[in-house]
**Q** 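Can you read through this structure? Questions will come right after.
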Amino acid sequence: MSAPTHTRTHPAPTSGVDIRLPWWAVALPALGFATLLLLILNPAEAQAASGDPTIAHLLERIQQALLNHAP
């Protein structure tokens, strides 16, 4: 007794995997690249952020605490 064979109604895909990306998956890296490129081309426009000195002191205290508790 033989089993019936099934024929394909749709042709088999000849290309590889079809990958669709959302718009932001291309736009965000492109925007980041363009921003970094502009900063490299014109470094005078890149200004250091004047952060709150409290954050710097907090980070120093954390670093000291970690170094004091190291074995």
Side-chain angles (χ1 to χ4, degrees):
M1 186 185 270
S2 63
T5 59
H6 298 287
T7 59
R8 292 185 180 181
T9 58
H10 301 289
T14 57
S15 64
V17 178
D18 184 25
I19 298 175
R20 296 180 56 107
L21 293 175
W23 66 269
W24 50 264
V26 177
L28 289 179
L31 181 64
F33 176 77
T35 303
L36 291 175
L37 184 63
L38 288 174
L39 288 175
I40 290 171
L41 293 178
N42 194 3
E45 293 295 323
Q47 299 174 358
S50 59
D52 190 12
T54 307
I55 296 173
H57 292 297
L58 177 65
L59 291 175
E60 286 178 19
R61 297 234 180 187
I62 292 173
Q63 182 181 13
Q64 290 173 356
L66 290 175
L67 290 176
N68 289 338
H69 291 293

**Q** Who are the side-chain contact (heavy atoms from CB on, under 4.5 Å) partners of Trp24, not counting sequence neighbours?
**A** Pro22, Leu28

**Q** Distance check, rounded to the nearest 0.5 Å: Leu67 atom CG versus Ile62 atom CD1?
**A** 12.0 Å

**Q** If you round to the nearest 0.5 Å, how far is CG of Leu41 from CG of Leu36?
**A** 11.0 Å

